[in-house]
Novice: 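Pasting a structure below so you can have a look.
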Amino acid sequence: MSEIIDDLIKRTGAASKIFMDREVLQPDYVPDTLPHRENEIKRLAEHLIVVARGVRPSNVLIYGLTGTGKTAVARYVVRKIVEKSASLGTKLKDAYVNTRKVDTTYRVIAEIARQLGLMVPYTGLAVSEVYRRYVNALENWGGLHVVILDEIDYYVRREGDDLLYKLVRINEELSNSKVVLIGITNDINFVENLDPRVRSSLGEVEMVFPPYNAEQLYTILKQRAEKAFVPGAISDGVISFCAAIAAREHGDARRALDLLRVAGEIAEREGAAEVTVEHVRKASVEIEEGRVYQTVSFLPLHQKLVLKEILEIVKKKGSATTGEVYLAYVNRVRDLGYEPLTQRRVSEIISQLDMMGLVLAEVVNRGRHGVTKVIKVKPDIIKNIEEALKDLG
DNA sequence: AGTCCACCGGAAAACATGGCAA
DNA sequence: TTGCCATGTTTTCCGGTGGACT
């Protein structure tokens, strides 16, 4: 059964005039070398290598915007050191948690414990119970646990810093084992809201990852493109065009790679022999449209209804306010025979739609006429949203 | 100078759902 | 089964806002 599929993949892959190995451009692909991050790798490795002498390294906090290689570097270095640990004669394990995907206290601690090899139920236990089990498991095992917490700014904003506080001080409870934390954050200001004790402990060692510039992005893309594309299927000019677009958007390497991959896919679909600048332009649009369509179609019913009313009003008047939207929404929902949500909730939904980038909501004070959100929609995505909203009738 | 609008947005709590342990 | 727990959504309550208007 699976042979059939494997074979199919191989044959369509082989038939491609564009791609040699598309995997190389996938977001989760970790390359063997990370260009322009040699210094960071070296520094982190030097810092962590003291585990060879059985010493616990201090915690590390890594800053940098998205797509600057923070996660890749951290995982790379930790993986290498864990691989080496056997020959170093140390007990070493690692855990990686993206606290944006795993976004509650319970799930974070459960995930850390799970990666140590502990079975933890998905729910049903108290957080403190899971924590206790984790501590016990650590003590029984008696090694050093390197825990990478990715995107912790996101987590702390949602859940506060209680868990971090516990983790930072966990070593005081441990006699037999140790824990090292590596925190990764996109937001440089986030430490300021942290409990001072957490801040000083977590930030004992700090590393900053600057964004890539166009030139560096170019080498990164070039390196991947050589593996990913059939020779001659993409020119240096096209690669540097991708790099330039991504550099304009805060030097995000992930975006640059996406762009390159989608451009390749478009070229392939069109049966072209080569990826062109035009394909890259199309890719840029397609990525954006896909994002909008996806987010809208997965929205729950009431979110969709609110969005629909916003669209109606904006099309008529150019902008809308919370009050107008709510009124229209209530009428619509009543017609459909449902119970409307409260205005408080709808206000929140509008804020969420804003955060998702579907609408632009700005809080405006109109003096005598009170405070409200003035809601607009970017004209170029209106059609897109309507398309995704079709099923509402 | 003071009023007052029309909402904002934080906090707490209710409610629903799903799961563990004993 | 019973009781406790996590999680996500929504409601209830309510203090707060800041500039147009009187």
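Lettering follows sequence order; numbering is per chain, from 1.
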Novice: Please tell me if the side chains of A:M356 and A:Q303 come closer than 4.5 Å, counting only heavy atoms from C-beta onward.
Specialist: no
Novice: Hydrogens and angles aside, do A:S177 and A:K91 bring a side-chain donor and acceptor to less than 3.5 Å of each other?
Specialist: no
Novice: Under the 3.5 angstrom rule, does the side chain of A:N384 hit a backbone N or O of A:V292 as a donor-acceptor pair?
Specialist: no
Novice: Donor-acceptor pair, A:Q216 side chain versus A:N213 backbone, under 3.5 Å?
Specialist: yes
Novice: For A:E339 and B:dA14, give me the distance from atom CD to atom P, rounded to whole Å.
Specialist: 21 Å
Novice: So if I take residues 345-371 of chain A and measure heavy-atom distances to DNA chain B, which residues fall below 4.0 Å?
Specialist: A:S347, A:V363, A:G367, A:R368, A:H369, A:G370, A:V371
Novice: Without swapping roles, check the side chain of A:D150 against the backbone of A:N98 for a donor-acceptor pair under 3.5 Å.
Specialist: no
Novice: Measure the distance from NZ on A:K373 to P on C:dT17 and round it to the nearest whole Å.
Specialist: 16 Å
Novice: Using a 4.0 Å heavy-atom cut-off to protein, can you give one letter per nucleotide of nucleotides 17-22 of chain B, 5' to 3': B if the base is in contact, S if only the sugar-phosphate is, - if neither?
Specialist: -BBSS-
Novice: Between A:T342 and C:dT11, does any side-chain N or O lie under 4.0 Å from OP1 or OP2?
Specialist: yes
Novice: Give a yes/no verdict on a cation-pi contact between A:R37 and A:Y212, requiring under 6.0 Å between NZ or CZ and the six-membered ring centre and an angle within 45° of the axis.
Specialist: yes
Novice: Out of curiosity, A:S319 OG to A:E324 CD, how far, rounded to the nearest 0.5 Å?
Specialist: 7.0 Å
Novice: Let's see if you can work this out: which of C:dC5, C:dT11, C:dT7 has an atom nearest to the side-chain heavy atoms of A:A126?
Specialist: C:dC5
Novice: Just to be sure I understand the geometry, which residues of residues 322-331 of chain A put a non-hydrogen atom under 4.0 Å away from DNA chain B?
Specialist: A:T322, A:G323
Novice: Using a 4.5 Å cut-off on heavy atoms from C-beta on, say whether the side chain of A:V314 contacts that of A:V359.
Specialist: no
Novice: Please state how far atom OH in A:Y338 lies from atom P in C:dT9, giving the value in whole angstrom units.
Specialist: 18 Å
Novice: Nearest whole angstrom, please: distance from the P of C:dG15 to the CZ of A:R344.
Specialist: 15 Å
Novice: Send over the distance from A:R158 CZ to B:dG10 C1', rounded to a whole Å.
Specialist: 16 Å
Novice: When rounded to the nearest 0.5 angstrom, what is the spacing between OH in A:Y63 and CG in A:D153?
Specialist: 10.5 Å
Novice: What is the distance, to the nearest angstrom, from the CZ atom on A:R157 to the P atom on B:dG10?
Specialist: 13 Å
Novice: Give a yes or no answer on whether the side chain of A:H36 reaches the backbone of A:L217 with a donor-acceptor pair at less than 3.5 Å.
Specialist: no
